[in-house]
Amino acid sequence: MAESLERTGLDSFDILLIHDPDDHWEQAAGEAFPALAKLREEGAVKAIGAGMNQTAMLCRFVAETDVDCVMVAGRYSLLDRGAARDLLPLCAQRGVAVLVAGVFNSGVLADPGEGAHYDYAPAPEPILRRARWMAERCAAYGVPLAAAALNFPLRHPAVTGVVVGARTPQEVADDIALAATPIPAELWAELDEEAER
């Protein structure tokens, strides 16, 4: 840890996450988490948690450890609102911050064209149809689908941030512009109604 802090020139890290421990609860909770908790106590890190693309184990981390935050990828998006059933209410109750990643669901919510991906694989036709319908509704309000996708998670009070990947400075600038795009309440209402079907 000291070498990492020295290389970065930081006094401490803001957040350290246990990454994708899906099949390794015992090691994650019994070994990795205590090590991170010790670093937090020492002041080398300000917040600790876990990041995954499923909610069941994240709920377990929230219920059985004293994580500060969790990162959920792809499970709270315009296409998949699964985290709203279990993880988000639990985090709100326990005061655990939620970072949402994978808001474009592997790209289909950025561009639902031919060859679009959903959950790291070619998007199935029903997903493409839903994403294209959302893109049409967004366009009717002058809003890019990607802007709605990026802003959607921030509507939930448990969500404190959205994490997006960027490969170039232009993608960073594009994401900033998408985040600043106003989304009309009427559009949210239409997208929410579609999600309930």
Side-chain angles (χ1 to χ4, degrees), residues 17-23 25 49-63 67 69-94 96-139 141 143-166 171 174-175 178-179 181 183-197:
L17 300 172
I18 301 168
H19 183 76
D20 287 341
D22 298 74
D23 299 320
W25 169 256
M52 308 173 74
N53 60 8
Q54 53 126 316
T55 62
M57 191 181 287
L58 289 176
C59 286
R60 195 167 177 192
F61 271 106
V62 172
V67 290
C69 62
V70 294
M71 181 185 297
V72 60
R75 303 291 69 91
Y76 192 57
S77 73
L78 289 173
L79 286 168
D80 183 338
R81 299 183 183 206
R85 288 189 294 274
D86 53 9
L87 181 64
L88 299 184
L90 180 61
C91 288
Q93 176 189 359
R94 301 283 303 253
V96 173
V98 178
L99 304 169
V100 177
V103 296
F104 302 127
N105 283 123
S106 298
V108 71
L109 289 175
D111 178 6
E114 288 302 316
H117 280 71
Y118 174 75
D119 279 354
Y120 312 107
E125 192 57 38
I127 293 291
L128 280 174
R129 276 196 305 273
R130 286 185 62 209
R132 288 172 180 161
W133 178 87
M134 290 177 188
E136 289 172 10
R137 296 315 309 141
C138 287
Y141 290 90
V143 172
L145 173 60
L150 197 149
N151 282 283
F152 166 75
L154 296 170
R155 297 168 62 214
H156 195 287
V159 176
T160 58
V162 170
V163 179
V164 292
E171 286 185 0
D174 292 347
D175 288 337
L178 291 172
T181 302
I183 313 294
E186 296 82 4
L187 174 56
W188 285 135
E190 288 189 37
L191 296 174
D192 290 344
E193 183 178 340
E194 188 278 337
E196 291 172 10
R197 290 180 195 166

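Numbering of residues begins at 1 and proceeds along the displayed sequence. Treat the numbers as computed from the prediction; the structure is a model and nothing was measured.
Summarising the geometry of A148 relative to V143, their closest heavy-atom pair is N-CG1, 4.3 Å, with the distance given to 0.1 Å. Between P21 and M52, the closest heavy-atom pair is CD-CG, 3.6 Å. The two residues A83 and P89 have their closest heavy-atom pair at O-CD, 3.9 Å. Closest non-hydrogen pair, L79 versus A131, comes out as CD2-N, 4.4 Å. Pairing each heavy atom of A146 with each of A110, the nearest pair is CB-CA, 4.1 Å. The minimum heavy-atom distance linking A179 with N151 is given by the pair O-OD1, 3.1 Å.
Residue Y120 places its OH atom among 12 or fewer non-hydrogen atoms of other residues, nucleotides or ligands, all under 6.0 Å distant. The environment of R155 atom CZ is dense: over 12 non-hydrogen atoms of other residues, nucleotides or ligands sit within 6.0 angstrom.
When each of E194, E136, E125 is paired with R130, the salt bridge (charged side-chain N to carboxylate O under 4.0 Å, His left out) condition holds for E194 and for no other.
Rounding to the nearest 0.5 Å gives a distance of 5.5 Å between CG of L90 and SG of C59. We find the CG-CG distance between D20 and N53 to be 5.5 Å, quoted to the nearest 0.5 Å. In this structure, OG1 in T55 is found 9.0 Å from CG in L88, a value given to the nearest 0.5 Å. Note that the CG atom of L178 and the CG atom of L150 stand 6.0 Å from one another [nearest 0.5 Å]. Of the inter-residue distances, the one linking L187 atom CG with Y141 atom OH reads 6.0 Å to the nearest 0.5 angstrom. A distance of 9.5 Å separates CD1 in I127 from CZ in R129, rounded to the nearest 0.5 Å.
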- Please assess V164 against E171 for the test side chain to side chain contact (heavy atoms under 4.5 Å, CB included), listing each intermediate value before the final yes or no. CA-CA 10 Å; V164 292; E171 286 185 0; over 6 Å; no
- Query: When you look at R81 and D192, which way does the side chain to side chain contact (heavy atoms under 4.5 Å, CB included) test go after all the steps?
  - Reply: CA-CA 10 Å; R81 299 183 183 206; D192 290 344; 2.9 Å; yes
- Task: Would you please test L78 and F104 for side chain to side chain contact (heavy atoms under 4.5 Å, CB included) and show each step?
- Result: CA-CA 8 Å; L78 289 173; F104 302 127; over 6 Å; no
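The shortest side-chain heavy-atom distance between L87 and C91 falls under the 4.5 Å cut-off. The shortest distance between side-chain heavy atoms of L154 and V162 falls below 4.5 Å. V98 has its side chain out of reach of V96: every pair of non-hydrogen atoms, C-beta onward, lies at least 4.5 Å apart. Using a 4.5 Å heavy-atom cutoff, the side chains of C69 and T160 are not in contact.
Checking side-chain atoms of Q54 against main-chain N and O of M57 turns up a donor-acceptor pair under 3.5 Å. Put simply, the side chain of H117 gets close to the backbone of G115: a donor and an acceptor are under 3.5 Å apart. Of the possible polar contacts, none joining the R137 side chain to the L191 backbone as a donor-acceptor pair under 3.5 Å is found.
A tilted orientation is assigned to the rings of F152 and Y76, their planes being inclined by 30° to 60°.
Considering only residues two or more places apart in sequence or on other chains, W133 meets the ring pair (Phe, Tyr, Trp, His ring centres under 6.0 Å) condition with none of them.
Between F61 and W25, the ring centre distance stays below 6.0 Å.
Salt bridge status for D119 with R75: present, with a side-chain N to carboxylate O gap under 4.0 Å.
Among residue pairs with one or both ends in residues 101-115, those qualifying as side-chain hydrogen bond (donor to acceptor under 3.5 Å, both in side chains) are S77-N105, E114-R132; sequence neighbours excluded.
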